[in-house]
> 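Can you read through this structure? Questions will come right after.
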Protein chains: 2
Amino acid sequence: MDTAPTSPRDGEPRWLDDAEQRTWLAYLQATTLLEDHLDRQLQRDAGMPHIYYGLLVQLSVAPRRRLRMTELAKNTKITRSRLSHAIARLEKNGWVRREDCPSDKRGQFAILTDDGYEVLRRTAPGHVAAVRQALFDRLTPEQQKSLGEIMVIVAEGLQPKGAGADLPWLR
Amino acid sequence: MDTAPTSPRDGEPRWLDDAEQRTWLAYLQATTLLEDHLDRQLQRDAGMPHIYYGLLVQLSVAPRRRLRMTELAKNTKITRSRLSHAIARLEKNGWVRREDCPSDKRGQFAILTDDGYEVLRRTAPGHVAAVRQALFDRLTPEQQKSLGEIMVIVAEGLQPKGAGADLPWLR
DNA sequence: CCTGCATTGTTTAACTTTCAAGGAAGGGCT
DNA sequence: AGCCCTTCCTTGAAAGTTAAACAATGCAGG
């Protein structure tokens, strides 16, 4: 879109200035490229896209390797609908199984199976290496610190309201 | 996945340390949330997802509001296949039209129509506002600068080889 | 108890993306 | 010309995502 580098006139939207535009474009390109890169890496080595892998990771660090569907959805920032489909697929692969929640009959646990854990164990090193190579290894310690702070700010700003305990990892 | 905070032993992968883990998780959450946020905003206000909007934007700033398919794909970092489908959809909406390239009969131009331009004109202010509110307005000038530098580094690192003139915007 | 509303999770259909394959044109070579 | 290899773009099927609707349960208040 054309951008009028106007002085902030009344009624005019505040356009992105030159530096902001470059930052935003770089952000879009970097995040797209990184996501694609990791998707391919994991599709190749683990047989699933990046988001699915993230689901298994979340389960692997949860107590008893299980989480309620809604919990898991919150942790990974995806919709319950999407999660339902995804877990169905992972279930077919034998990496996750479901179990009814005894205390709340509406509830379902998603549980990481031994097979699922094994896939993680086998592929985690390669994945970590990919993340390092694409991201951390290219940044100075100061940049890493800054990136962390920035992403926490952005994530917190976009939390659905009333999400208090959603980001325990970030504090 | 369990992470053993080991000293770099031989054969062991170099796991992410605590700070890196937090940064990575925050990155994943922030980028997911932001993408979703903008997708919804644009789906609501412009009737298309964020990526499609980005295609129109790229066309709008190109000379004669047109780009070769491959160019457009490179600029937006998506595959040609994906682009073909996307442009087909935008064409149905009347926001883009195609035209054969006279000098290379294999080539196709994607061209922003007046209707397409009008959609942009109408929705750009709201979109910019959304980006500002979710990102720039929350960051200090130093953080904005840092974010830009970091994203350029990451994007450049993930360029497919031989992509020299792909990021003119970033220099 | 029972009514009304919220929460949990799934389902369906429409849409988008990916993957593998392929047609058509360019361009170098003999 | 003929051949080979590459680039440009599209296609169709499979996989993934989204939005809206739905059934079932929980829960608070009368």
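The chains referred to below are lettered A, B, ... by the order of the sequence lines, with proteins before strands, and numbering in each begins at 1.
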> Take the protein atom CD1 of A:I87 and the nucleotide atom P of C:dG9, then report the distance between them rounded to whole Å.
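The distance from CD1 of A:I87 to P of C:dG9 comes to 11 Å, rounded to the nearest Å.
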> Would you say B:R89 places a side-chain N or O within less than 4.0 Å of OP1 or OP2 belonging to C:dT16?
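It does, given that an N or O in the side chain of B:R89 lies less than 4.0 Å from OP1 or OP2 of C:dT16.
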> CG of A:D39 versus C1' of D:dA15: gap in Å, rounded?
12 Å
> Just N and O in the side chain of A:R98: are any of them under 4.0 Å from OP1 or OP2 of C:dT10?
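The answer is yes; a side-chain N or O of A:R98 sits under 4.0 Å from OP1 or OP2.
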> In whole angstroms, how far is the C1' atom of D:dT25 from the CG atom of A:D104?
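Between C1' of D:dT25 and CG of A:D104: 7 Å.
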> With rounding to the nearest 0.5 Å, note down the distance linking CD in A:E149 to CG in B:L139.
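Reported value, rounded in 0.5 Å steps: 10.5 Å.
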> What is the separation between atom NE2 on B:H50 and atom C1' on C:dC15, rounded to the nearest whole Å?
19 Å
> With hydrogens left out and only the distance checked, is there a donor-acceptor pair under 3.5 Å joining A:S81's side chain and the base of C:dT11?
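Pair found.
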> Using heavy atoms to find the nearest nucleotide of DNA chain C for A:M69 and A:R40 separately, return the residue whose nucleotide is more 5′.
A:M69
> Which is true for A:Y52 with a 4.0 Å heavy-atom rule: it touches a base, it touches only sugar-phosphate, or it touches nothing?
sugar-phosphate
> Please report the interatomic distance CG(B:D36) to CD(B:Q41), rounded to the nearest 0.5 Å.
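Those atoms lie 13.0 Å apart.
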> What's the NZ-P distance between B:K77 and C:dT18, to the nearest Å?
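Roughly 15 Å, once rounded to whole Å.
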> Give one of base, sugar-phosphate or nothing for B:R44, where a contact means two heavy atoms less than 4.0 Å apart.
nothing
> Grab the CG-P distance between B:L72 and D:dT7 for me, whole Å please.
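Spelled out: CG on B:L72 to P on D:dT7 is 20 Å.
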> How long is the straight-line distance from OG1 of B:T140 back to CG of B:L147, given to the nearest 0.5 Å?
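Between B:L147 CG and B:T140 OG1, I get 10.5 Å after rounding to 0.5 Å.
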> Please report the distance, rounded to the nearest Å, between CG in A:L83 and P in D:dA19.
16 Å
> Hey, could you give me the CD/CG distance between A:Q144 and B:D17, rounded to the nearest 0.5 Å?
8.0 Å
> Fit a plane to each ring of A:H50 and A:H127, take the angle between them on a 0 to 90° scale, and name the class: parallel (under 30°), tilted (30 to 60°) or perpendicular (over 60°).
tilted
> Please figure out whether A:D36 or A:R80 has its closest DNA chain C nucleotide nearer the 5' end.
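Nearer the 5' end of the strand: A:R80.
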> Give a yes/no on whether any side-chain N or O of B:R82 is located under 4.0 angstrom from OP1 or OP2 of C:dC19.
no
